[in-house]
Novice: 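Before I ask anything, let me first share the structure, which is written out below as structure tokens.
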Amino acid sequence: MFVGSRSLDREAYLTAVADALDDTLNDRRAVFVYVHGYRTTFDEAAVRAAQLHMDLKIPGVTAFFSWPSRGTAHGYAADEEAVQLSERHLCEFLVDLCVKSSAKKVHLLAHSMGNRAVLRVAMRAAENSSRTQGIELGQLILAAPDIDAAFFASEANSFRHIAEGTTLYTSSRDLALQSSSVVHRGPRAGQGPLLPLPGAVHVIDAAPIDVSLLGHGYYSAAFPVLGDIHSLIYDRHDPSARMALRSLGEGRWGFRELS
């Protein structure tokens, strides 16, 4: 349930984040950023960010970047334009958090269409854009990206310019991405399997434990995925160190069978 909100200017917001981090008695205090996907209003993104904060037990502050989605089923085309136009603002937001907060790390999770803005930020960083100077993320988590699979694979190396590690969660049972692949006449990055990716991008197949109606919200609804993201944030960056996973070969990992 969304309780309410209040407006802060840029400096007041960053001061509030720094103060909240200073009140966190944990030497691993972090800022965890959530970037929502298609058909998500500001209020819905706020609730989901709060849920992730509680479920993942973030030692610090959870923030979210809300690009102007129409929040309707018929707003897909408009959302595609809006998320692309949000790239510059996401750059500025991440620079502020990385440079002006007292966080030990800034982690980011992007869902669905929100991955498009994150990928473009990474591509700008790979081009040494002044706009991205200062963006140094810890773990970058890409959940069910609604991005052309071939384009994603060709640009995936860009992520190393903004993050220490990148983890991609995919599912062949994602009905929302199946619909998107029909609209775009090509597979989406979140469907998997992909073309070979750089070794720095770990691919996790979440299809076996998919629980949501459309198979698109497993990153926040399925306990095994939440547990894996928790372990990822808490220093078990390599999939081989996370007990819930098993190797599928070719740089891909899947979840072990639940007993």
Side-chain angles (χ1 to χ4, degrees), residues 34-45 47-49 51-52 55-56 64 66-84 86 108-119 140-153 156 166-195 197 201-229 232 244-246 248 250 252-258:
Y34 170 61
V35 182
H36 66 77
Y38 150 70
R39 196 182 176 182
T40 304
T41 65
F42 180 93
D43 291 1
E44 290 168 341
V47 171
R48 181 53 51 81
Q51 175 206 335
L52 289 168
D55 289 345
L56 296 175
F64 68 100
S66 182
W67 52 274
S69 166
R70 292 290 180 88
T72 65
H74 299 294
Y76 188 84
D79 278 9
E80 288 192 303
E81 293 290 334
V83 72
Q84 182 170 313
S86 297
L108 186 148
L109 185 153
H111 180 232
S112 189
M113 195 180 285
N115 283 278
R116 299 190 194 183
V118 176
L119 175 56
L140 175 58
I141 301 158
L142 312 176
D146 185 5
I147 302 174
D148 177 80
F151 176 68
F152 180 92
T166 302
T167 301
L168 166 65
Y169 289 91
T170 70
S171 173
S172 59
R173 295 170 58 192
D174 191 323
L175 298 184
L177 291 185
Q178 288 179 25
S179 297
S180 178
S181 69
V182 172
V183 171
H184 294 95
R185 299 184 180 182
R188 314 309 285 167
Q191 289 179 277
L194 293 173
L195 297 172
L197 294 177
V201 179
H202 299 298
V203 182
I204 314 296
D205 179 11
I209 46 80
D210 212 330
V211 297
S212 60
L213 180 62
L214 292 177
H216 197 52
Y218 56 84
Y219 74 102
S220 65
F223 177 76
V225 179
L226 285 166
D228 190 60
I229 294 173
L232 171 62
L245 301 179
R246 61 187 179 88
L248 300 176
E250 299 181 346
R252 295 173 58 246
W253 298 78
F255 287 89
R256 297 183 186 278
E257 300 251 341
L258 297 176

Novice: Which heavy-atom pair separates Pro224 from Phe255 by the least distance, and what is that distance?
Specialist: O-CE2, 3.4 Å
Novice: Once you round to the nearest 0.5 Å, how far does CD1 of Ile209 lie from CZ of Arg173?
Specialist: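 Nearest 0.5 Å value for the CD1-CZ distance: 8.5 Å.
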Novice: Determine whether Asp79 and Glu81 make a side-chain contact, defined as any pair of heavy atoms from C-beta on separated by less than 4.5 Å.
Specialist: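 No; the side chains remain at least 4.5 Å from each other.
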Novice: Heavy-atom distance under 4.5 Å between the side chains of Leu168 and Leu197, does that happen here?
Specialist: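 Touching, per the 4.5 Å side-chain cut-off.
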Novice: To the nearest 0.5 Å, what is the distance between NE2 on His36 and CH2 on Trp67?
Specialist: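 Between atom NE2 of His36 and atom CH2 of Trp67 there are 5.5 Å.
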Novice: Going by heavy atoms in the side chains, are Asp205 and Arg252 under 4.5 Å from each other?
Specialist: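 The answer is yes; the side chains approach within 4.5 Å.
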Novice: Locate the shortest heavy-atom distance separating Ser181 from Pro187; write the atom from each residue and the value.
Specialist: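 Shortest heavy-atom contact: CB-CA, 4.0 Å.
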Novice: Rounded to the nearest 0.5 Å, how far does CG of Asn115 lie from CG of Leu140?
Specialist: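 Atom-to-atom, Leu140:CG and Asn115:CG are 8.0 Å apart.
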Novice: State the CD1-CG distance between Ile204 and Leu245, to the nearest 0.5 angstrom.
Specialist: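 Interatomic distance, Ile204 CD1 to Leu245 CG, rounded to 0.5 Å: 5.0 Å.
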Novice: Measure from the side-chain N and O atoms of Ser112 to the backbone N and O of Gly114, and report whether any donor-acceptor pair falls under 3.5 Å.
Specialist: no
Novice: Does any part of the side chain of Arg39, heavy atoms only, come nearer than 4.5 Å to the side chain of Met113, both counted from C-beta?
Specialist: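 A side-chain contact under 4.5 Å is absent here.
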Novice: Inspect the contact between Glu80 and Arg116 and indicate whether a charged nitrogen and a carboxylate oxygen are less than 4.0 angstrom apart.
Specialist: yes
Novice: Between Asp146 and Arg188 (salt bridge meaning N to carboxylate O under 4.0 Å), is one present in this structure?
Specialist: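 So Asp146 pairs with Arg188 through a salt bridge.
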Novice: Rounded to the nearest 0.5 Å, what separation is found between the OG1 atom of Thr40 and the CZ atom of Phe64?
Specialist: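 The distance works out to 11.0 Å.
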Novice: Give a yes or no on this: more than 12 heavy atoms of other residues, nucleotides or ligands lie within 6.0 Å of atom CZ of Phe151.
Specialist: yes
Novice: Do any N or O atoms from the side chain of Ser180 and from the backbone of Leu177 form a donor-acceptor pair under 3.5 angstrom?
Specialist: no
Novice: In sequence, state the C-alpha distance, the side-chain angles, and the governing distance for Leu52 and Leu226, and then conclude on side chain to side chain contact (heavy atoms under 4.5 Å, CB included).
Specialist: CA-CA 9 Å; Leu52 289 168; Leu226 285 166; 4.2 Å; yes
Novice: Hey, what do you get for CG (Leu232) to OH (Tyr169), rounding to the nearest 0.5 Å?
Specialist: 5.5 Å
Novice: Got Tyr34 and Gln51 here, is their nearest side-chain heavy-atom distance under 4.5 Å?
Specialist: no
Novice: Identify the two heavy atoms, one from Ala73 and one from Tyr38, that lie closest to each other, and give their separation to 0.1 Å.
Specialist: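 Closest approach of Ala73 to Tyr38: O-OH, 2.6 Å.
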Novice: Please say which of Leu142, Val118, Thr166 ends up in a side-chain contact (heavy atoms from CB on, under 4.5 Å) with Leu108.
Specialist: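 Only match with Leu108 under side-chain contact (heavy atoms from CB on, under 4.5 Å): Val118.
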